[in-house]
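Written out below as structure tokens is the structure these notes cover.
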Amino acid sequence: RVLEYVQGVTIDEYASTLDLSGKLQLFLLVCDGVSHAHRQSIVHRDLKPSNILVDSSGHPKLLDFGIAKLLDVTLDETKTVERLLTPGYASPEQLRGDAQTTATDIYSLGAVLYHLLTGRSPHEPSPDSLPVSRQTSGESNVTTPSRLNPTLPRDIDYILRKAMRHEPSERYGSVDAFADDIRAFLELRPVKARSGDTWYRTRKFLRRYRLPVAAATITNARLYSGLEVANYQRAIAQQRFQQVRQLATRVLALDKAIGGMELSTKARNEVVAMSKGYLEALGAEAHKDHDLALEVGEA
């Protein structure tokens, strides 16, 4: 077959003279090309600056589909056996030799954009980065782009962080979604990567500390349950206390009712004794309740 001869320069060399907006606009054209390949069920698997040439008209061209694979939901054809890749731009699943999807290219695209904006690969050794061998376990901590290039806005950090997350399912769902967030930044609209970052960090925290979190959750549930029981018992005790209080008041009222009856002295003595017993019981709590103290005193 005949392939197009592309005369141009690598994208990182071409972009070196562009400002931030120009670099992002150029990168969006790359996204269009990769998105087209994905719609044809093709995963490139080796996206890097040297495989993206920009011609004289300023249009980027994707090169070297030598290790590209067709996606097939019925066959595991995207699993790398020989591990033909470029470590500085390869995704963690490529380094592990796991099955690869379009999310693999999204990671590599993020790495390419990282290079265009900072001048270096995201996995190039630095004092605060981990060896590439630790990328495979998801432990590698890519230096925040704005630390290498202080002129970069925070939104760019969030966009690249989402594109290069270690879990494929946590990256952008498609190249188009990745490109949409870049367009949102260029158009001064909120980027979706930033709005979802808090929940992502929460999920990561829960996964990392699932046993302590589970123990704390169970403890809190038990405390809550204990408080519910205590509140219920307190409500019952308060209800019974009110019943005793009402009974004492009614007994005293009964004394007045039978006061005019003949031979009522004995009955009245029993009523007064009963009332006194109730009032003494109520008086034990009266020091905390001024209204109750007044009521006992009047009785």
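The model shown is predicted, which means the values in this text are computed figures rather than measured ones.
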Next on the checklist: Does anything in residues 18-30 form a salt bridge (charged side-chain N to carboxylate O under 4.0 Å, His left out)? List the pairs, not counting sequence neighbours.
Outcome noted: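 Pairs touching residues 18-30 that pass the test: none.
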So how far is it from [X] [atom1] to [Y] [atom2], rounded to the nearest 0.5 Å?
X	Y	atom1	atom2	result
L117	D12	CG	CG	12.0 Å
R183	C31	CZ	SG	7.5 Å
H38	D176	NE2	CG	10.0 Å
L28	L113	CG	CG	9.0 Å

Do [X] and [Y] have side-chain N/O donor and acceptor atoms under 3.5 Å apart?
X	Y	value
S57	H59	yes
H115	Y89	yes
N149	T118	no
D157	S146	yes

Sub-4.5 Å side-chain heavy-atom contact between [X] and [Y]:
X	Y	answer
V34	H44	no
L20	P153	yes
P60	L26	yes

Taking the basic N atoms (NZ, or NE/NH1/NH2) and the acidic carboxylate oxygens, is any pair closer than 4.0 Å for [X] and [Y]?
X	Y	result
R189	E187	yes
D180	K162	no
R194	D155	yes
K48	D46	yes
E93	R171	yes

Looking at [X] and [Y], what are the two nearest heavy atoms and their distance?
X	Y	answer
L116	A15	CD2-CB, 4.1 Å
A193	Y172	CB-OH, 3.3 Å
G33	L62	C-CD1, 3.9 Å
H166	P92	ND1-CG, 3.2 Å
T143	Y114	O-OH, 2.6 Å
L186	S21	CD2-OG, 4.0 Å

Checklist entry - Are S108 and Q94 close enough, and set up right, to give a side-chain contact (heavy atoms from CB on, under 4.5 Å), and what steps lead you there? => result CA-CA 10 Å; S108 297; Q94 281 180 287; 4.1 Å; yes
Checklist entry - Checking S174 side chain against A177 main chain: does a donor-acceptor pair fall under 3.5 Å? => result yes
Checklist entry - Hey, does the side chain of D105 reach the backbone of L47 with a donor-acceptor pair shorter than 3.5 angstrom? => result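 Pair absent, no side-chain N/O of D105 close to backbone of L47.
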Item to check | With I52, the side chain to side chain contact (heavy atoms under 4.5 Å, CB included) member among L63, L29, T10, V30 | outcome: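 The side chain to side chain contact (heavy atoms under 4.5 Å, CB included) with I52 is passed solely by V30 among L63, L29, T10, V30.
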Item to check | Candidate pair R161 and D181, rule salt bridge (charged side-chain N to carboxylate O under 4.0 Å, His left out), full reasoning | outcome: CA-CA 12 Å; R161 183 184 301 161; D181 243 5; over 6 Å; no
Next on the checklist: For a side-chain contact (heavy atoms from CB on, under 4.5 Å) check, start with the C-alpha distance between V175 and T102, then their side-chain angles and the critical distance, and finish with the verdict.
Outcome noted: CA-CA 8 Å; V175 176; T102 55; 5.9 Å; no
Item to check | Mutual orientation of the aromatic rings belonging to F178 and F27 [parallel < 30°, tilted 30-60°, perpendicular > 60°] | outcome: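 Ring orientation of F178 relative to F27: perpendicular.
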Item to check | Derivation of the side-chain contact (heavy atoms from CB on, under 4.5 Å) call for I182 and I156 | outcome: CA-CA 8 Å; I182 295 175; I156 295 297; over 6 Å; no
